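All heavy atoms count here, side chains included; hydrogens, waters and symmetry mates do not. A note on names: the letters A, B, ... follow the listed sequences, proteins ahead of strands, and every chain is numbered from 1. Predicted, not measured: the structure shown is a model, and the values here were computed from it.
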Amino acid sequence: MPELPEVETICNAIKHNIDSPKIDEFQIINNKLRWKINKNIPSKVNGQTIKKIYRRAKYIVFEFHNGSLIIHLGMTGKFRKIQGTYTSIKHDHFLIKMADDNIFVYNDVRKFGSIHWASDISDHFLMKNIGVEPLTDDFNNLYLKNKTTKSRMKIKNLIMDQKIIAGVGNIYASEALFLSKIRPTKIAYRLSKSMCEHLVRSIKTVLKKAVKYGGTSIKDYKTLDGNSGYFTQKLLVYGLDKCRCGEKIRNVKISGRSSFYCPKCQK
DNA sequence: CTGAGATCCTGTCTGC
DNA sequence: TGCAGACAGGATCTCA
């Protein structure tokens with residue numbers, strides 16, 4: 001899926017593509033997503049004004065006075081903006097027609113995405129166990145050291161755990177570990193204090209940079225206008241054959257996910 | 001409690 | 001060209 005930078009990019013794109021924040025009509029096209037789309041959503045949001053659009057972890061949140069829409073893009077979820085008449089294409093799931101005549105259509109090939117209505121978002125099951133936002137001060141050396149000290153997980157799994165850090169996925173986990181010179185297979189509690197500090201810095205650096213470049217496009221990710229992100233060209237290990245040091249990059253499976261690292265640069 | 005594996009679904013690519 | 005199998009950026013659930 002889109003990870004933090006991609007969701008942030010899409011969130012910003014939606015914000016900037018809304019002239020009037022009032023929703024005319026929410027329409028369910030195909031309710032089969034990760035969780036069936038609740039039939040009551042239209043009655044909650046039709047005619048309502050969006051107070052705020054923001055990202056939390058990998059979720060896009062539309063906030064209203066009476067509650068929030070929580071959207072996850074799964075692996076292949078994307079929005080496209082159209083104007084005028086809606087023409088359906090394969091794998092469309094729902095659309096949000098704004099009063100300003102813009103229509104945002106959600107399309108998801110693999111159906112791993114989701115949309116929920118929550119009257120109280122802090123209480124929602126998808127939200128209440130989410131960990132710290134990595135780009136805030138809450139994510140710091142002390143926080144990561146506390147988490148790693150008592151964990152026997154492989155460090156890559158730990159930083160991808162949404163209950164611990166919100167928004168880091170498979171690509172940026174590999175990239176951050178490369179910057180930190182730590183192997184993805186290293187057991188969390190074996191990280192030294194300075195390794196933890198380096199990792200905190202690296203996660204922040206890589207995410208910020210990816211946001212700046214509009215995200216990464218490996219396969220399915222597209223921003224609102226159909227463009228791919230430019231961070232793809234900035235990747236240092238993910239999906240690459242050769243490290244900049246000349247060494248061949250290894251691709252190992254960790255909990256079933258491809259994990260790239262340079263055996264020479266990462267210890 | 002922890003951590004690993006199966007699972008949801010479709011499209012694309014590789015190899016025979 | 002056909003077809004089987006592997007694989008894809010997520011995260012929840014089940015089980016040991």
Using the 3.5 Å cut-off, write out each protein N or O paired with an N or O of nucleotides 13-16 of chain C and the distance between them.
none

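- Every residue two or more places apart in sequence or in another chain that forms a ring pair (Phe, Tyr, Trp, His ring centres under 6.0 Å) with A:His116 is listed here: A:Trp35, A:His124, A:Phe125.
- Remark: A:Leu236 CG to A:Lys234 NZ distance equals 10.0 Å, nearest 0.5 Å.
- Separating the OH atom of A:Tyr106 from the C1' atom of B:dC9 is a distance of 12 Å, rounded to the nearest angstrom.
- With rounding to whole Å, A:Arg56 atom CZ is found 12 Å from C:dA11 atom P.
- Taking atom NZ on A:Lys111 and atom C1' on B:dG11, their separation rounds to 11 Å, with Å as the unit.
- The listed nucleotides are C:dT12, B:dG11, B:dC9; the one nearest the side chain of A:Lys32 is B:dC9.
- In the model, A:Tyr86 has a side-chain atom that pairs as donor or acceptor with a side-chain atom of A:Asp92 under 3.5 Å.
- Stretches of at least 3 consecutive Watson-Crick or G-U wobble pairs, with each checked distance under 3.5 Å, appear in DNA chain C as B:2-8 with C:10-16, B:10-16 with C:2-8.
- For A:Leu126, taking side-chain heavy atoms from C-beta onward, the closest of the listed nucleotides B:dT10, B:dC9, C:dT12 is C:dT12.
- Side-chain nitrogen and oxygen atoms of A:His91 include none within less than 4.0 Å of the OP1 or OP2 phosphate oxygen of B:dC9.
- Out of C:dA11, B:dT10, B:dC9, the shortest distance to the side chain of A:Lys58 is found at C:dA11.
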Distances for protein N/O vs nucleotides 2-6 of chain B N/O pairs under 3.5 angstrom?
| residue | atom | partner | partner atom | Å |
| --- | --- | --- | --- | --- |
| B:dG3 | OP1 | A:Ser151 | OG | 3.4 |
| B:dG3 | OP1 | A:Arg152 | N | 2.8 |
| B:dG3 | OP1 | A:Met153 | N | 2.9 |

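- Atom P of nucleotide B:dC9 and atom NE2 of A:His72 are separated by 18 Å, given to the nearest angstrom.
- Applying the 4.0 Å criterion to OP1 and OP2 of B:dG11, one finds that A:Lys90 has a side-chain N or O inside that range.
- Under the salt bridge (charged side-chain N to carboxylate O under 4.0 Å, His left out) rule, A:Glu133 has a single partner from A:Lys204, A:Lys58, A:Arg56, which is A:Arg56.
- Nucleotides B:dC9 and C:dC3 have their P atoms positioned 24 Å apart, rounded to a whole Å.
- At whole-Å resolution of the value, NZ in A:Lys163 and C1' in C:dT12 are 9 Å apart.
- Remark: C1' of C:dA11 and CD1 of A:Ile70 are 15 Å apart, rounded to the nearest angstrom.
- Remark: A:Phe178 engages no residue in a ring pair (Phe, Tyr, Trp, His ring centres under 6.0 Å) (not counting sequence neighbours).
- To the nearest angstrom, P of C:dA6 lies 16 Å from CG of A:Asn251.
- Here the CD1 atom belonging to A:Ile115 is positioned 12.0 Å from the CG atom belonging to A:Asn31, to the nearest 0.5 angstrom.
- Between A:Glu6 and A:Tyr172, the side chains place a donor N or O and an acceptor N or O closer than 3.5 Å (distance only, hydrogens not considered).
- Rounded to whole Å, the distance from CG on A:Asn30 to C1' on B:dT10 is 13 Å.
- We find the SG-CD1 distance between A:Cys196 and A:Ile182 to be 7.0 Å, quoted to the nearest 0.5 Å.
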- Item | Derivation and outcome, side chain to side chain donor-acceptor pair (under 3.5 Å), residues A:Lys81 and A:Asn17 | CA-CA 8 Å; A:Lys81 186 183 86 161; A:Asn17 275 277; 2.9 Å; yes

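- Looking at residues two or more places apart in sequence or on another chain, you find a ring pair (Phe, Tyr, Trp, His ring centres under 6.0 Å) between A:Tyr106 and A:Phe79, A:Phe94.
- A donor-acceptor contact closer than 3.5 angstrom links the side chains of A:Lys156 and A:Asn170.
- Comparing the same atom, C1', in C:dA11 and in B:dT12 gives a spacing of 23 Å after rounding to whole Å.
- Residues A:Lys78 and A:Asn107 bring no donor and acceptor atom of their side chains to less than 3.5 Å of each other.
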